[in-house]
Amino acid sequence: MFPTYDELPHENGYDLSFYRLSPIGVLRPRRHWALLAEITDDLTLPTPQDGHVFRMDTFTGSLSAPGFATPYFAAKDVSGTQLNISFKLDKLEEAQFHSSVKKKCVPGHTVVKYWAEQHDFFDMSSGLRIETLRGVEILACSLETLLSVDPEAVLNSRRCQNCNSAAVDAKCSRCHCAWYCNHDCQIAHWRAHKQTCVALGQVQKWSKKDWYSFKGWWQDVAAV
């Protein structure tokens, strides 16, 4: 379900463990998969201030107009492999990215790219070239937090996540897992619970999906 970057198919290849040829000769995924990568740095070029209309983006080899430099990030996958992530979007999704997605793309947050493929950049580096926000999620939690949570264990503990009391009568309304004895304890614990809350909700979402048979692209995954 969650291959490392090195295990991904290449965009110019034909990996039979990920794809099959349909009866009409079209490549279709055999199953679903997603690459998990934590952002480590923002490598986006600064907005040109020198009066030039266009500037060459050395990472992607494309020309970027002032104010629209290609969003570009350094990241690491679950194995620690370093990769680069470029968002090369059309004008509509570019506007959506800058209005609602860019603020989530900060070091320590995790990019989830469904049906990811390896890409070779113009500067000879390797990573993901994302051309649509569909099939992408940006999670406000670290990769370590995402991989460590156990929703069932938290739910079955029936203990206040703040004071460890067994007299609980409320659950977090977002992740529906974390128990609290009262609203005050929930408020007091929110800073510690915030990233875990995102991870718990995401893992529960994944657990309800059929990863092993491809019947169409999932429509409920998009970074907007």
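Excluded from the calculations below are hydrogen atoms, water molecules and symmetry mates; all remaining heavy atoms, backbone and side chain alike, are included. Start at 1 with the first residue, then count along the sequence.
Shortest non-hydrogen contact noted between Ala167 and Cys181 is O-CB, 3.1 Å. Pairing each heavy atom of Ile39 with each of Val106, the nearest pair is CB-O, 3.6 Å. In terms of heavy-atom proximity, Ser86 sits nearest to Tyr72 at CB-CD1, 3.5 Å. Across all non-hydrogen atoms, the minimal contact from Gly127 to Leu83 is CA-CB, 4.1 Å. Cys175 and Gly201 make their closest contact through CB-N, 4.2 Å (heavy atoms, listed as atom of the first residue, atom of the second, distance). Across all their heavy atoms, Ala34 and Val112 have their closest contact at CB-CG1, 3.9 Å.
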**Request:** Dump the intermediate steps for side chain to side chain contact (heavy atoms under 4.5 Å, CB included) on Leu89 and Glu131, then the final yes or no.
**Result:** CA-CA 5 Å; Leu89 308 169; Glu131 298 181 348; 5.7 Å; no
**Asked** When you look at Trp206 and Trp211, which way does the side chain to side chain contact (heavy atoms under 4.5 Å, CB included) test go after all the steps?
**Response** CA-CA 9 Å; Trp206 284 335; Trp211 290 81; 3.4 Å; yes
**Asked** Which is it for Leu36 and Asp77 under the side chain to side chain contact (heavy atoms under 4.5 Å, CB included) test, yes or no, and what are the steps along the way?
**Response** CA-CA 6 Å; Leu36 309 179; Asp77 72 0; over 6 Å; no
**Request:** Output, in order, the C-alpha distance, side-chain angles, deciding distance and verdict of side chain to side chain contact (heavy atoms under 4.5 Å, CB included) for Gln161 and Ser157.
**Result:** CA-CA 9 Å; Gln161 295 294 297; Ser157 71; 3.9 Å; yes
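Taking 4.5 Å as the limit, some side-chain heavy atom of Trp217 sits within range of a side-chain heavy atom of Pro29. Between Thr81 and Thr4 the shortest side-chain heavy-atom distance does not fall below 4.5 Å. Looking only at side-chain heavy atoms (C-beta outward), Cys197 and Cys172 come within less than 4.5 Å of each other. Side-chain atoms of Ile85 and Ile130, non-hydrogen and from C-beta on, do get closer than 4.5 Å to each other. Between Leu128 and Asn84 there is no side-chain heavy-atom pair separated by less than 4.5 Å. The side-chain heavy atoms of Leu146 and Gln202, taken from C-beta on, include a pair separated by under 4.5 Å. No side-chain heavy atom of Pro107 sits less than 4.5 Å from a side-chain heavy atom of Phe73. A 4.5 Å side-chain heavy-atom check between Phe97 and Leu133 finds at least one atom pair inside the cut-off.
Residue Gln82 places its CD atom among more than 12 non-hydrogen atoms of other residues, nucleotides or ligands, all under 6.0 Å distant. For Lys171, the NZ atom is densely surrounded, since the number of other residues' heavy atoms within 6.0 Å is greater than 12. By the neighbour-count criterion of 12 heavy atoms within 6.0 Å, atom NZ of Lys103 is sparsely surrounded, having that number or fewer from other residues, nucleotides or ligands.
Atom CG of Leu21 sits about 5.5 Å away from atom CG of Leu27, to the nearest 0.5 Å. To the nearest 0.5 angstrom, Leu143 atom CG is 11.5 Å from Thr40 atom OG1. Note that NZ of Lys102 is 13.5 Å distant from CD1 of Ile138, once rounded to the nearest 0.5 Å. Here the CZ atom belonging to Arg158 is positioned 11.5 Å from the OG atom belonging to Ser165, to the nearest 0.5 angstrom.
Phe87 and Leu92 are not part of a single hydrophobic cluster, where members link through side-chain heavy atoms under 4.5 Å apart. Note: the hydrophobic cluster containing Leu16 does not contain Val26 (ILVMFWY, side chain heavy atoms under 4.5 Å, direct or indirect links).
In terms of modelled atom types and a separation under 3.5 Å, the side chain of Ser100 and the main chain of Gln96 share a donor-acceptor contact. Counting only distance, with no hydrogens or angles, the side chain of Asp123 and the backbone of Ser125 share a donor-acceptor pair below 3.5 Å. Listed for the Thr70 side chain is no donor-acceptor partner under 3.5 Å among the backbone atoms of Lys88. At least one donor-acceptor pair closer than 3.5 Å links the side chain of Gln204 to the backbone N or O of Leu200. Looking only at distances, no side-chain donor or acceptor of Gln195 sits under 3.5 Å from a matching main-chain atom of His193. No donor-acceptor pair closer than 3.5 Å links the side chain of His98 to the backbone N or O of Ala95. Judged purely by atom type and a 3.5 angstrom limit, Thr110 has no side-chain atom pairing as donor or acceptor with the backbone of Ala37.
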Let me have the donor-acceptor pairs involving side chains of residues 149-156, under 3.5 Å, with sequence neighbours excluded, atom names and distances please.
| from | atom 1 | to | atom 2 | distance (Å) |
| --- | --- | --- | --- | --- |
| Asp150 | OD1 | Glu152 | N | 3.3 |
| Asp150 | OD1 | Ala153 | N | 3.2 |
| Asn156 | ND2 | Glu152 | O | 3.2 |

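Two rings, from Phe18 and Trp33, have their centers less than 6.0 Å apart.
Sequence neighbours left out, the pairs with a member in residues 9-32 that pass side-chain hydrogen bond (donor to acceptor under 3.5 Å, both in side chains) are His10-Asp120, Glu11-His119, Asp15-Ser17, Tyr19-Glu117, His32-Trp115, His32-Trp218.
Judged as a ring-ring contact (aromatic ring centres under 6.0 Å, His included), and not counting sequence neighbours, the contacts of Tyr180 are His189.
A donor atom on one side chain and an acceptor atom on the other are not found under 3.5 Å apart for Gln118 and Ser126. A donor-acceptor pair shorter than 3.5 Å cannot be found between the side chains of Thr145 and Ser148.
Across Lys205, Lys104, Lys113, a single residue satisfies side chain to side chain donor-acceptor pair (under 3.5 Å) together with Glu137, and that is Lys205.
Between Lys209 and Asp220 there is a salt bridge, since a side-chain N of the basic residue sits under 4.0 Å from a carboxylate O of the acidic one.
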